[in-house]
Amino acid sequence: MEKNYDPKQFEERIYARWLDKGYFTACPNTDKKPFTIMMPPPNITGQLHIGHALDGAIQDAVIRYKRMRGYEALFMPGTDHASIATEVKISAKLVQEGTSKEKLGREGFLARAHLWNKQYGGQIALQQRRLGLSCDWRRSAFTMDKQRSGAVREVFVNLYDKGLIYRGDRLVNMCPSCRTALSDAEVEFEDADSRLWYVKYPVEECDEYITVATTRPETMLGDTAVAVNPKDKRYKNLVGKTLTLPLNGRKIPVIADDYVLADFGTGAVKITPAHDFNDFEVGKRHNLPSVTVIDDDGNMNNNAGEFEGLTAAYARLAIVEELQKQGFLLKTEEYKNKVGHCYRCRCVVEPLISKQWFVRMDSLVAPAVTAVKKGKIRFLPVRFKNNYLRWMENTRDWCVSRQLWWGHRIPVYYCARCGKETVSKTDLTKCPVCGGAVTQDEDVLDTWFSSALWPFATLNWPTNSPDLDFFYPTSVLATAYDIIGFWVSRMIFSGLEHTGKIPFSEVLIHGIVRDRDGKKMSKSSGNGVDPLDVIDIYGADVLRISLISGVSMGGDMKYSEEKAEGYRNFMNKLWNASRFVLLNSEGLTLIDLKKACAYLGLAEKWILGRFSITAGIVRKLMDKYEIGLAASVIYEFLWNEFCDWYIEESKISLYGSDQKKRNVTLNVLLYVLRETLKLAHPIIPFITAEIFDQLPNKDAEDIMVSPYPSAGRGAFKTAVKDMGEVIAAIKEIRALRHEMNVPAGKRPALFIRPRDGAEKLVKDSLKYVQKLGFASDVTVIKDKPDGKTVVLATALGEVYIPMGELVDAAAELFRLDRELEQIAEEIARAEGKLRNEGFVSKAPPALIAQEREKLNKFIAQRELVVKALERLKNV
RNA sequence: GGGAGCUUAGCUCAGUCGGUUAGAGCGCUUGCCUCACAUGCAAGAGGUCGUAGGUUCGAGUCCUAUAGCUCCCACCA
């Protein structure tokens with residue numbers, strides 16, 4: 001073995017072997033229970049970022065754990081065509097190349113997009129392999145491949161036939177840059193410094209006027225009413241009157257509607273049904289006409305009169321100027337409001353009326369809400385349940401058509417001859433009614449329309465396959481909290497609607513990756529970390545454990561180079577501990593430890609006991625998907641117990657002359673190492689596999705198909721407790737040495753007077769105390785030794801160290817004084833507690849007994865220190 | 001405007017059912033190249049657990065209020 005951990009030596013080799021052996025493949029298997037995770041398909045917009053690595057590391061840890069626990073574990077990989085996101089990227093690239101999507105035309109553009117998919121889709125899979133993800137690659141799916149496209153068509157047609165999909169002229173969010181409609185979820189609101197303009201609208205046939213306050217004067221030429229609150233006394237007599245729209249003189253009515261708040265602004269609102277969602281609703285209630293003044297491209301149209309052709313932003317300035325000039329502008333105020341932006345290109349979206357396809361949500365929402373409320377689908381952590389429910393309960397009809405090219409083209413055909421509209425699961429060229437030529441709808445579907453089908457489309461739904469029967473519903477869906485609305489909710493109602501079953505029973509929500517300052521990592525802010533870079537430097541295991549550790553569920557995680565370094569050191573520690581064990585394995589005879597109990601020393605029993613406790617804790621945490629906490633538990637066991645204590649203790653018999661003892665010790669070392677590797681394997685698969693391969697006691701063909709360690713029931717309880725006392729005593733001895741400035745190489749003799757009942761324990765632990773307490777030798781005594789000594793009250797009893805040339809009296813005096821002080825404090829605390837009647841009468845008896853015991857211990861300790869002080873002063 | 005989360009050592013975070021002297025890693029100080037590992041070993045300093053109340057024999061933990069930070073949702077023009 002190399003002296004230092006070097007993942008480059010083995011990660012790729014081991015992954016290739018796993019692939020070769022087919023360990024990742026999952027098949028319907030009636031002997032086993034299924035466990036299924038559908039990986040959220042990354043967008044093919046580019047390479048994977050660190051967030052994907054976190055996502056992957058969590059899911060792979062879960063799936064490897066379940067596989068080792070005996071499940072038929074399917075980890076389904078795939079990619080998402082990401083309609084708008086990819087199209088935006090490719091368009092930008094084309095512009096860079098001096099061409100454009102328009103110049104290429106639909107066919108040319110799609111060819112280009114497929115090429116793009118080949119390139120990035122392949123790259124993503126490679127990155128996932130380097131991370132060590134144990135996906136069943138044979139099943140790899142793409143949201144736009146043949147099978148998935150079939151599922152999309154099936155769903156569209158079914159929804160259409162059920163009347164759950166319709167086409168209509170509705171107000172939708174349009175992105176003027178992407179030139180497409182967006183769903184509500186795709187609009188992100190951001191704070192903006194704006195203004196509130198107060199504009200006078202003259203009342204017809206009198207000198208009065210109504211002042212309206214608006215943030216969007218450019219839409220005023222599309223106003224078709226001014227609304228006031230019906231209870232507002234100021235305007236009561238004006239309701240029903242007619243106003244003259246400034247600048248173009250159009251006549252509009254004053255209407256009363258509850259939507260208007262009397263105490264905001266002037267209490268009068270201009271109503272523009274064509275460019276505002278609320279106004280659209282008001283318009284419907286009052287049968288108002290709607291006048292569109294802004295077109296799809298974001299420019300003013302001919303309804304805007306002299307402002308036609310201006311961009312909306314420019315028209316705003318021009319209109320305000322004109323209002324001012326003509327005396328209609330009363331005043332202007334600074335104002336902060338929220339403005340919607342396109343989630344892909346960041347442009348300001350424009351609510352516009354257009355013909356779009358919608359999914360009717362009302363009947364889909366109810367079952368999806370019930371499934372979660374009744375606990376059929378559990379969110380972890382639970383707080384995200386509310387997040388989901390709120391989203392579901394507030395959702396409006398889902399606009400699913402997009403004026404894009406890259407995506408699933410809407411399977412609706414229009415007949416030029418008879419005008420009939422036909423939906424079809426297969427491509428049509430002729431109208432089924434009249435045989436006339438048909439043209440397909442130009443639009444494609446929202447990218448989330450296909451993502452929503454992922455849990456079952458990946459299992460080849462609607463084909464009724466053994467795979468679908470066996471692996472569906474899936475087990476866990478793991479994703480970050482930012483796409484609960486976009487994706488999780490839509491998978492739930494889609495699964496219920498189309499398969500009649502929930503798509504998954506648990507939703508595991510994790511946070512997003514931030515940099516060391518807590519900022520969201522992204523390419524645009526330049527603080528992104530490329531997972532491949534980290535893997536190149538530190539290895540996949542380090543990346544995985546760095547991302548997983550030190551976070552509890554649902555929380556964001558901060559990544560920094562220092563963190564990676566820390567875990568690289570941990571890998572090195574594990575590597576070298578294994579190296580130590582293997583280097584000493586010469587002459588090994590494997591034995592069954594269960595039959596060798598009589599030959600186990602205290603330290604052996606202790607480490608075996610500690611291991612089984614640790615295994616129990618880790619299992620429980622893994623069952624709860626608390627992988628980060630499981631990682632910490634393993635880390636601490638391996639480093640602070642196995643390495644710091646057991647390996648050191650094992651050296652006594654390893655380098656001793658008793659061959660039988662040596663062999664038993666070696667067997668214990670190998671056993672604990674092997675089982676600890678298994679505990680850690682789901683989190684750090686590569687290093688554990690590499691070491692496992694070299695173990696002389698390996699008990700499976702490969703660690704990833706070995707059974708996960710079980711907890712064992714309270715094994716070696718006494719030894720665990722006893723060794724705890726020995727360790728505590730040794731630590732005290734070491735601390736004393738340090739405090740007394742004993743030179744590192746100096747080994748004094750020690751004398752121990754065991755406390756009552758600890759005689760045997762002291763005898764059994766002499767060798768440990770001697771080696772790890774850096775003593776020349778340790779002698780058990782019944783009385784205080786002669787001569788000048790330093791005394792120490794330890795868990796084992798009184799420990800005496802001859803002062804001799806080692807320590808100076810002044811330092812010892814100081815130490816004892818300070819110790820006396822500390823003991824006094826503890827005694828006061830314990831006595832106070834025990835004097836408290838409430839405590840004595842109400843606290844559990846065990847706790848009171850514990851407190852008494854502690855008090856007695858401190859009193860004895862005080863006695864010892866007092867006597868030592870006296871002796872010291874007499875000398 | 002509504003909701004959620006966070007606030008514990010210089011930094012990043014654990015802390016289970018309310019119960020030992022509140023923990024870890026990094027960083028810092030001191031001493032060590034001790035035959036697995038200096039990517040290491042040993043010892044140590046460092047915390048009135050955001051603030052104010054309350055419940056309790058006992059509160060980092062439960063309740064109320066409050067401040068700061070972060071996020072989500074929402075139609076106040």
Side-chain angles (χ1 to χ4, degrees), chain A residues 1 3-5 189 196-197 212-216 227 259-261 263-272 276-282 335 337-338 381 383-384 386-387 390-391 394 481-482 484-485 511-512 514 516 518 520 549-552 554-560 562-563 565-584 617 620-621 628-629 632-633 635-636 639-640 643-644 647-648 651 655 731 734-739 741-745 772 774 822 825-826 829-830 833 836-844 846-848 850-851 853-854:
Chain A
M1 263 178 116
K3 187 176 161 191
N4 284 324
Y5 163 68
F189 287 88
L196 207 47
W197 285 275
V212 300
T214 181
T215 53
R216 302 206 58 195
Y259 150 70
V260 181
L261 302 172
D263 52 6
F264 184 87
T266 61
V269 187
K270 67 189 223 25
I271 300 298
T272 325
D276 184 281
F277 286 95
N278 300 306
D279 295 5
F280 184 78
E281 295 301 318
V282 174
Y335 188 70
N337 68 345
K338 307 253 186 179
R383 64 173 186 270
F384 290 105
N386 292 329
N387 192 324
R390 209 179 34 248
W391 203 90
N394 293 326
Y481 54 67
D482 54 353
I484 290 176
I512 55 177
R514 297 172 180 279
R516 68 153 66 65
K520 190 171 176 172
S549 291
V551 242
S552 49
D556 288 345
M557 84 95 33
K558 288 182 189 172
Y559 174 84
S560 65
E562 290 90 327
K563 205 163 176 175
E565 253 170 49
Y567 286 105
R568 188 268 323 266
N569 294 353
F570 175 58
M571 294 301 124
N572 192 55
K573 190 74 181 174
L574 170 56
W575 183 261
N576 272 288
S578 310
R579 193 166 145 249
F580 169 81
V581 176
L582 292 173
L583 249 33
N584 284 290
I617 296 171
K620 256 190 210 143
L621 290 171
L629 297 181
S632 317
V633 170
Y635 182 104
E636 275 165 35
W639 201 316
N640 304 128
C643 291
D644 287 353
I647 283 190
E648 292 309 318
K651 288 175 181 172
Y655 300 149
K731 285 189 161 216
R734 285 174 179 174
L736 179 71
R737 282 175 58 95
H738 215 265
E739 204 165 0
N741 295 317
V742 177
L772 300 176
F774 311 116
Q822 281 168 357
E825 264 171 46
E826 288 303 323
R829 194 194 50 79
K833 224 170 183 178
N836 184 335
E837 246 175 74
F839 179 74
V840 179
S841 60
K842 288 184 182 169
L847 198 71
I848 298 168
Q850 202 184 351
E851 205 59 44
E853 202 182 310
K854 231 188 310 179

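A quick note: this is a predicted structure, and the numbers were derived from the prediction, not measured. Naming convention: chains lettered A, B, ... in sequence-line order (proteins, then strands); numbering from 1 in each chain.
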>> Would B/rC17 be called syn or anti here, given the cut-off of 90° from 0?
In response: syn
> Is a side-chain N or O of A/N576 found less than 3.5 angstrom from the main chain of A/N4, in a donor-acceptor match?
Replying inline: no
> When we call it a touch if two heavy atoms are under 4.0 Å apart, what does A/F264 touch: a base, just sugar-phosphate, or nothing?
Replying inline: base
> Between B/rA77, B/rC73, B/rG15, which one does the side chain of A/N394 approach most closely?
Replying inline: B/rC73
> Would you find a donor on one side and an acceptor on the other, under 3.5 Å apart, between the side chain of A/R216 and the backbone of A/D276?
Replying inline: no
> Should the pair A/Y655 and A/F580 be assigned to parallel (<30°), tilted (30 to 60°) or perpendicular (>60°) ring geometry?
Replying inline: perpendicular
> Which part of the nucleic acid, if any, lies within contact of A/E853, taking any heavy atom under 4.0 Å across all strands shown: a base, the sugar-phosphate backbone alone, or nothing?
Replying inline: nothing
> Please give, in whole Å, the distance from B/rC73 C1' to A/F384 CZ?
Replying inline: 14 Å
>> Of the listed nucleotides (B/rA24, B/rC73, B/rC72), which one gets closest to any side-chain atom of A/N387?
In response: B/rC72
>> Does the structure place the NZ or CZ of A/K573 under 6.0 Å from the centre of the six-membered ring of A/Y635, at an angle of no more than 45° from the ring's axis?
In response: no
>> Is there a side-chain contact between A/Y655 and the phosphate of B/rA36, meaning an N or O under 4.0 Å from OP1 or OP2?
In response: yes
>> Taking only side-chain N and O atoms of A/K651, does any of them lie within less than 4.0 angstrom of OP1 or OP2 on B/rA36?
In response: yes
>> Under 4.0 Å, counting only non-hydrogen atoms across every strand here, what does A/I647 touch: a base, just sugar-phosphate, or nothing?
In response: base
Filtered N/O pairs between nucleotides 4-6 of chain B and protein, under 3.5 Å:
none

>> Looking at every heavy atom in both A/R737 and A/F774, which two are closest together, and how far apart are they?
In response: NH1-O, 3.0 Å
>> Checking contacts here: which listed nucleotide (B/rA14, B/rG25, B/rA74) is nearest the side-chain heavy atoms of A/K338?
In response: B/rA74
> Short question: side chain of A/N572, backbone of A/Y5 - any donor-acceptor pair under 3.5 Å?
Replying inline: yes
> Contact class for A/G511 (heavy atom, under 4.0 Å): base, sugar-phosphate, or nothing?
Replying inline: nothing
>> Using a 4.0 Å heavy-atom cut-off, does A/V840 contact any base of the nucleic acid, only the sugar-phosphate backbone, or nothing at all?
In response: nothing
>> Just the rounded figure in Å: distance from P of B/rG19 to CD of A/Q850.
In response: 12 Å
Taking only N/O atoms, report every protein-nucleotides 38-44 of chain B pair under 3.5 Å with atom names and distance.
{"residue": "B/rA38", "atom": "OP1", "partner": "A/K3", "partner atom": "NZ", "Å": "2.9"}
{"residue": "B/rU39", "atom": "O4'", "partner": "A/N569", "partner atom": "OD1", "Å": "2.9"}
{"residue": "B/rU39", "atom": "O2'", "partner": "A/N572", "partner atom": "ND2", "Å": "2.7"}
{"residue": "B/rU39", "atom": "O2", "partner": "A/R568", "partner atom": "NE", "Å": "3.3"}
{"residue": "B/rG40", "atom": "OP1", "partner": "A/N569", "partner atom": "ND2", "Å": "3.2"}
{"residue": "B/rG40", "atom": "O3'", "partner": "A/K573", "partner atom": "NZ", "Å": "3.1"}
{"residue": "B/rC41", "atom": "OP1", "partner": "A/K573", "partner atom": "NZ", "Å": "2.7"}
{"residue": "B/rC41", "atom": "OP1", "partner": "A/W639", "partner atom": "NE1", "Å": "2.7"}
{"residue": "B/rA42", "atom": "O3'", "partner": "A/R734", "partner atom": "NH1", "Å": "3.4"}
{"residue": "B/rA43", "atom": "O2'", "partner": "A/H738", "partner atom": "ND1", "Å": "3.3"}

>> Let me check I have this right: for RNA chain B, each base becomes ., (, ), [, ] or |, based on Watson-Crick or G-U pairs with both distances under 3.5 Å. What is the full string?
In response: (((((((..((((.....[...)))).(((((.......))))).....(((((..]....))))))))))))....
> A/D276 CG to B/rC75 P: how many Å, rounded?
Replying inline: 10 Å
>> Using the rule given for side chain to side chain contact (heavy atoms under 4.5 Å, CB included), can you reason through A/Y335 versus A/T215, listing the C-alpha separation, both sets of side-chain angles and the distance that settles it, and then say yes or no?
In response: CA-CA 8 Å; A/Y335 188 70; A/T215 53; 3.9 Å; yes
